[in-house]
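Data block below; observations after.
All chains are named by letter (A, B, ...) in the order of the sequence lines, taking the proteins before the strands, and each is independently numbered beginning at 1. Atom set for the values below is all heavy atoms of this structure, side chains included, hydrogens, waters and symmetry mates excluded.
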Number of protein chains: 2
Amino acid sequence: MRVTELRVTPVAFRDPPLLSCGGLHQPFALRTVIELVTDEGLIGLGETYGSSRMRECLAAIAPVVVGLDPFDLHDLLFRLRPCLAPDLERTNILAPSSLGHKFLARVYGALEVACLDLQGKMLDLPVSALLGGAVRQSVPYSAYLFYKFGAHEDQPYEPDAWGEVLTPDALVAEARTMIADHGFRSIKLKGGVLEPELEIETVRLLRREFPDHPLRIDPNLGWTVATSIRVSQALDGLLEYLEDPAGGLEASAEVARQVSMPIATNMLVTTFADLPPAIRCEAVGVVLADHHYWGGLRASLNLAAVCATWNLGLSMHSNSHLGISLAAMTHLASVVPNLDYACDTHYPWQCEDVIEGGRFAFADGALAVPTGPGLGVELDRDALERLHLQFLDCRIRDRDDRVGMRRRQPTWSPELPRF
Amino acid sequence: MRVTELRVTPVAFRDPPLLSCGGLHQPFALRTVIELVTDEGLIGLGETYGSSRMRECLAAIAPVVVGLDPFDLHDLLFRLRPCLAPDLERTNILAPSSLGHKFLARVYGALEVACLDLQGKMLDLPVSALLGGAVRQSVPYSAYLFYKFGAHEDQPYEPDAWGEVLTPDALVAEARTMIADHGFRSIKLKGGVLEPELEIETVRLLRREFPDHPLRIDPNLGWTVATSIRVSQALDGLLEYLEDPAGGLEASAEVARQVSMPIATNMLVTTFADLPPAIRCEAVGVVLADHHYWGGLRASLNLAAVCATWNLGLSMHSNSHLGISLAAMTHLASVVPNLDYACDTHYPWQCEDVIEGGRFAFADGALAVPTGPGLGVELDRDALERLHLQFLDCRIRDRDDRVGMRRRQPTWSPELPRF
């Protein structure tokens, strides 16, 4: 079996006005849908970032993957490397975790998932079986709570039903709805948005309302070390982990020394090269995996092995995404014995998808591992076309969370730390 | 596809009187041949240690693996764990690298290889494809040189053609023959046997005779720190690495600080739990993988990822073994991009095997990666029966390199360091 074509389809889907300390989600989130077509007529699916750089890169490498054996993942890497050579050469000597290498991992990871989908379809095996077999038949996800505005400026479409969420009480109401709808048994709060005291109050209210739900908060490096310690002390005993409180490994290590809960990260440790220094200075206790930037599903298993070896916890990060990514995340999460926490997902915030049969549904906050061949999902061509047209129409070409914030608050700055 | 039977066949094969600081190889080396039989009539092969404990354990777990899906390697681990619970419970709290865990990795690894063989046979794919695709079509091995006696006491069979090798000149003659026979392009010398000055002389003669062959020496922790440093200084610039010179991580770190070549190990780092402390104290620069004790082929890939992440070199260890192990080693070595050195193998010292079609042949010191389904080897039932009868007859039930030495030198002690 050989690859005969790489099809790349940029898509855009509605995204609510969610807040983080990076700014405001734009009205449309962008992703790229990947199809690896083979001479046997099978199609392997992948989903990755919707950046212009990713689209350009995938267009440039399309000829390079023609002829690839989808089982030969090393060959995939060898084929990609020369295409990214300028990036790699510019950056790899001084910093192996540099942008060039990060981008290679992203491109490779996107195509690796499509190759694994092809392998599974050819062998009539789910991706979980290719990865060693599921250790859990359903994967728990967390309720991912955001402070948010009621509607996007200009209202390119009807406002979502969630309404404005800018107070602790409104956030708890959001949690109530999301948990009623999907049954989540863990809660993640996107922090770094309101004054820390209000976010402390939010967590306390969440704890009162959901006494048995593990809680976590993620201010995206928006706090100083002092704020991180102050918030942590106020929330002592309430959090399963504190995610990315303060910027830099040294700062994170300082926070880790002073607080009781583990420090988690998906921002300070994003490549294998980041692991040795982070482990050396004990900056983090939990790593959030994300196959989209760790280099695919098998590389994520290597990360899991590192975490098991160094007694680091393991959780899973998410960006706004569609069902192909959710299927891949679920297969990965199903096979990692030491995935210690419910996974993050933005999926409940979306209302559109490109997969056949409609959107995935959570049961008791968990997703059954797809049992069909490969990822277990197929494209709905009409939906793909619709979201592609939406991409063409929406005129957003790169995610920029600063734009919407500045329209509302012209003096708003993304500078960190915020508090 | 489900496993219906685990067949375990102990075998013994002729082994020359090779010397190490652990003593003398016995006249017969022991291994255990594993067959996982499935309901579809496929048979997955594995080869592992020939210890009585391994035989007992495999006999005890035979009922447990009936019903196993050979793709579900996590299920394999879950099935094995309770069988080894007494070992694990006794040891895991105080030392995660303890014997119980080490033994579990050995048993699991033996069966994992047989499962991968089954997967490959079912899917008509070589194991290398299941592991991500070969990055090299042939795997270089090193000439593994030993000082040796001319014959075993009692001569249970005709002495080998190598004769006695107890001087630097004789060792160089051995190297000449082995390299003429197999074309090896790297040389490993088993050290810790003669006085260090004689081993230094041996390496210098080897360098003179083979100016372009990378050289390494392995005294199996037989030297003090002072001896290790003295030998290293004498051999400065001649060795690609120095393997296991002195016992203990601290001693190894001390040697590493004082010498120019990297320190390699297959004795100080043998489990994942050994990696963090070894890395922390910079005790070793090269890890020798061995899927037989690292927990199989996929776990060895995790080890390779750790080595890549921490900039450790990677090489491969061997015990006396037959063709099934050699096939598995070759598939593994073929898919690891960062396997930085020629692999070790005792194979040229053996003259018997259990595989169909006769023994593997090296070309230019390398072995072509088998391309047939699975491991690419099948059992020669007559040969298996012959080596099994040899096992029954030879009365050796556990490897004990001290026995032969004590018959020749009654005061001989295996105590380390020797020099």
Side-chain angles (χ1 to χ4, degrees), chain A residues 1 68-78 81 96-97 112 115-116 119-120 122-136 269 271-280 282 294-312 334-337, chain B residues 1 68-78 81 96-97 112 115-116 119-120 122-136 269 271-280 282 294-312 334-337:
Chain A
M1 182 168 61
L68 175 74
D69 171 354
F71 282 91
D72 201 341
L73 298 170
H74 288 120
D75 185 40
L76 170 61
L77 188 60
F78 294 143
R81 237 184 226 141
S97 70
E112 186 235 25
C115 285
L116 289 170
Q119 291 183 20
M122 181 186 160
L123 307 171
D124 198 22
L125 288 171
V127 164
S128 61
L130 297 174
L131 300 177
V135 297
R136 50 187 75 86
V269 178
T271 71
F272 284 91
D274 296 329
L275 286 163
I279 288 172
R280 203 178 306 124
E282 301 183 1
W294 276 93
L297 301 181
R298 289 214 185 278
S300 299
L301 296 183
N302 288 332
L303 170 63
V306 168
C307 288
T309 300
W310 270 267
N311 283 316
L312 295 172
S334 79
V335 302
V336 177
Chain B
M1 181 166 63
L68 175 73
D69 171 354
F71 282 91
D72 201 341
L73 298 170
H74 288 120
D75 185 39
L76 170 61
L77 189 59
F78 293 144
R81 239 186 223 139
S97 70
E112 186 236 25
C115 284
L116 289 169
Q119 291 183 21
M122 181 185 160
L123 306 172
D124 198 23
L125 287 171
V127 164
S128 61
L130 297 174
L131 300 178
V135 297
R136 49 188 75 85
V269 178
T271 72
F272 284 91
D274 296 329
L275 286 162
I279 288 172
R280 202 178 306 124
E282 300 182 1
W294 276 94
L297 301 181
R298 288 215 184 279
S300 299
L301 296 183
N302 287 333
L303 170 62
V306 168
C307 288
T309 300
W310 271 267
N311 283 317
L312 295 172
S334 78
V335 301
V336 177

Residues passing the side chain to side chain contact (heavy atoms under 4.5 Å, CB included) test with Ser300(A), sequence neighbours excluded, are His291(A), Trp294(A), Leu332(A)

Chain A shares the most heavy-atom pairs under 4.5 Å, among Ala308(B), Gly133(B), Gly132(B), with Gly132(B)

Separation between CG (Leu123(A)) and CG (Leu123(B)), nearest 0.5 Å, reads 4.5 Å

When the 4.5 angstrom heavy-atom criterion is applied to Leu131(B) and chain A, the contacting part is backbone

side-chain hydrogen bond (donor to acceptor under 3.5 Å, both in side chains) filter on Asp72(A), not counting sequence neighbours, yields none

Applying a strict 4.5 Å limit to non-hydrogen atoms, the region of Asn302(A) in contact with chain B is both

In this structure, CD1 of Ile279(A) is separated from CH2 of Trp310(B) (nearest 0.5 Å) by 3.5 Å

The interface call for Arg280(B) against chain A, heavy-atom contacts under 4.5 Å, is neither

Applying a strict 4.5 Å limit to non-hydrogen atoms, the region of Ala134(A) in contact with chain B is backbone

Counting heavy-atom pairs under 4.5 angstrom with chain A, the leader among Asp124(B), Asp75(B), Leu130(B), Leu125(B) is Leu125(B)

Within the structure provided, determine whether His74(B) and Arg136(A) are in side-chain contact (heavy-atom separation under 4.5 Å).
no

